[in-house]
Amino acid sequence: MKKIVLLLLTILLFLSPIASKSQTTTLVNPILTGFYPDPSIVKVDTDYYLINSTFSYFPGIPVMHSKDLKNWKQIGNVIHRPSQMDFMGERMTRGLFAPAISHHKGIFYVSCTDIDNMGNFVVTATDPAGPWSDPVRLPEVSGIDPSIYFDKDTDKAYIIYNSDAPDRKPLYSGHRTIRMYEFDYENLKTVGEEIQLVNGGVDISEKPVWIEGPHIWKRNGWYYLYAAEGGTSVNHSEVVFRSKSPQGPYVPYKNNPILTQRHLPEDRDNPITSTGHAQLVEGPDGKTYSIFLAVRPYEGDYYNTGRETFIAPIEWKNDWPHFDLGGEEVKYAYDFDYKEVPQKDALPQSGNFEYTLDLKKGLDPSLLFLRTVDSSAFSISKKEGLVLKLKPETIAEYGNPSFVGKRQQHLNSRAETQIHFDAKAQYEKAGLVAFQNENHFYFLAISQKEGQQVIQLYKSNLDEGEMEELANVAFEVDDSKKIKLAIESKGATYSFHYSVNGKDWQLVKDNVDAKFLSTKVAGGFIGCLYGMYATSSGEKSENSASFEYLKYTGNDPVFRD
């Protein structure tokens, strides 16, 4: 009997490392690649829900769900009806700034800023997948980045936000404050008087700029107020204060900032920069983690993928949070001792991946329109896929053209589609676009020129207000009029391709300047999209173009084994 027991113990000891290893989950950064900025997260039981800014894209504010902080699936959008709001007439980099998600007593709350119209507002839902309520304005909340904190020990709520300098008299450019109201979460309105929590930042004598994206976290009797500082670029950082009361006074941590990459050499390999706008969350293992935004430049401060969502573990020292990065640099992967939970039918979001959206089956919730959705301008055909009517509106204007796009999620990427389109006139154009904003895009278009079907490559022209033709190729196809188009990115360049037989690819133009579509050149806060686009260039047209699928491939060297 003793021998049997000893044998069983030996087997268990042998298997325990294997069992432990099987519970390891590797979180690959970014956890959401591409244009997923200003992340906010909430944990409800064993579920995580994460949202991001979408600015003037529609639908607005995607809702992601996960069980393990690694595998994310989009389950809906917060702004999903034009009756909630639209962004017509606005530049693409305006619209919705920095939403925050919270949960209390079975209700989800999202607070956000519509920067040019509604100002600060809140919406609610009992199901994070939607439907979400119509927005309720918060007129007393003057500023941006509102976040609702629920103090479950007192059943009180507070709304915290970035606001003007005291008396609206800034001492220097970028001088801001963090302020707070008590919040009546049942009637969705502020209560009492506004309280100023932070003036300027950690040390106003050093003229800190753009204190923003505030959140409160409670632990061991301390209220931690943490926020971004330095502006959402290379000087971005995260700082923390604490108090025994949610109303303050808040004392800054002597070792601030708790997160930044601004001190690291620019020429390091595979840099991750501009880290900040963080939010803490409890992980599946009970430990603390933080999501935050950062960017991956291909050269200097040039990147086309926008600000992305990253994650890192938090270590608590003397009741202060520390980012446990495993060194000074944010890592591309972290291993944790808990079980991975895959998401059924979820599109991949991290590392290298490839997938095809079958447009004959409908539109994935991750696909985006410009400013609003015009349901009369497109349809889904089980035979032809996405059918876009040619609208007079163009992507160079501030309206709602016939455009459906997905995020460029890698430095090295490829977007491909099969299009059925027969141009009847020179002003009719349809194809694929690499789109950063109204003034910065490339358009690979099927059109007509002097009675001949052609493929044209256009670049938006800032000076002339019209597109500049970079290349054109005459082509002939069979009676089906189907042709494949593709755009490839390789860091600082794009290349444009077509195929008339579905097998052999021809080059339209390569080594096209990608920096023209970078945030550094184009400005603003958004990232690039690959879009299916059809326009009649200001003229009336009854024509349409159909897109059977949209295939995306991302293959960045840093993620390769």
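Residue numbers count from 1 along this sequence. In this text the structure is predicted, and so the values were computed from the model without any measurement. What you see below is based on every heavy atom in this structure, not just the backbone, and it leaves out hydrogens, waters and symmetry mates.
A distance below 6.0 Å separates the ring centres of Phe353 and His410. For Phe150 and His103, the gap between ring centers reaches or exceeds 6.0 Å.
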### Task
List the steps, then state whether side chain to side chain donor-acceptor pair (under 3.5 Å) holds for Thr177 with Arg179.
CA-CA 6 Å; Thr177 58; Arg179 304 190 185 197; 2.9 Å; yes
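Atom CD of Glu266 sits about 9.0 Å away from atom OG1 of Thr273, to the nearest 0.5 Å. Rounded to the nearest 0.5 angstrom, Gln349 CD and Lys73 NZ are separated by 12.0 Å.
Between His65 and Tyr49, the two ring planes are tilted [angle within 30° to 60°]. Ring geometry for Phe403 against Phe435 counts as tilted: the plane angle lies between 30° and 60°, on a 0 to 90° scale. Taking the six-membered ring where tryptophan is involved, the planes of Trp72 and Tyr48 are perpendicular, since the angle between them exceeds 60° and thus also 30°. Between Phe87 and Phe58, the ring planes lie tilted relative to each other; the angle falls in the 30° to 60° range. The aromatic rings of Tyr253 and Trp320 lie parallel to each other, with less than 30° between the two planes, well short of the 60° mark. Between Phe559 and Tyr332, the ring planes lie perpendicular to each other; the angle is over 60°, past the 30° to 60° tilted range.
Side-chain atoms of Arg81 come within 3.5 Å of backbone N or O of Trp132 as a donor-acceptor pair.
Between Asn400 and Arg371, the side chains place no donor N or O within less than 3.5 Å of an acceptor N or O (distance only, hydrogens not considered). Looking only at atom types and distance, the side chain of Tyr289 has a donor-acceptor partner in the side chain of Asp285 under 3.5 Å away. In the model, Asn304 has no side-chain atom that pairs as donor or acceptor with a side-chain atom of Gln436 under 3.5 Å. Side chains of Trp222 and Ser243: a donor-acceptor N/O pair is absent below 3.5 angstrom, by distance only.
Lys244 forms no cation-pi arrangement with Tyr223, by the criterion of a distance under 6.0 Å to the ring centre and an angle within 45° of the ring axis. The side-chain tip of Arg219 points at the ring of Trp316 from less than 6.0 angstrom away and within 45° of straight on.
Evaluation of the ring-ring contact (aromatic ring centres under 6.0 Å, His included) rule for Tyr530 yields no partner, not counting sequence neighbours. Listed by chain and residue number, Phe516 satisfy the ring-ring contact (aromatic ring centres under 6.0 Å, His included) test with His440 (two or more places apart in sequence, or in another chain).
Pairs passing the salt bridge (charged side-chain N to carboxylate O under 4.0 Å, His left out) check and including a residue from residues 292-312, sequence neighbours excluded, read Asp38-Arg307, Arg296-Glu308, Arg296-Asp556, Glu299-Lys515.
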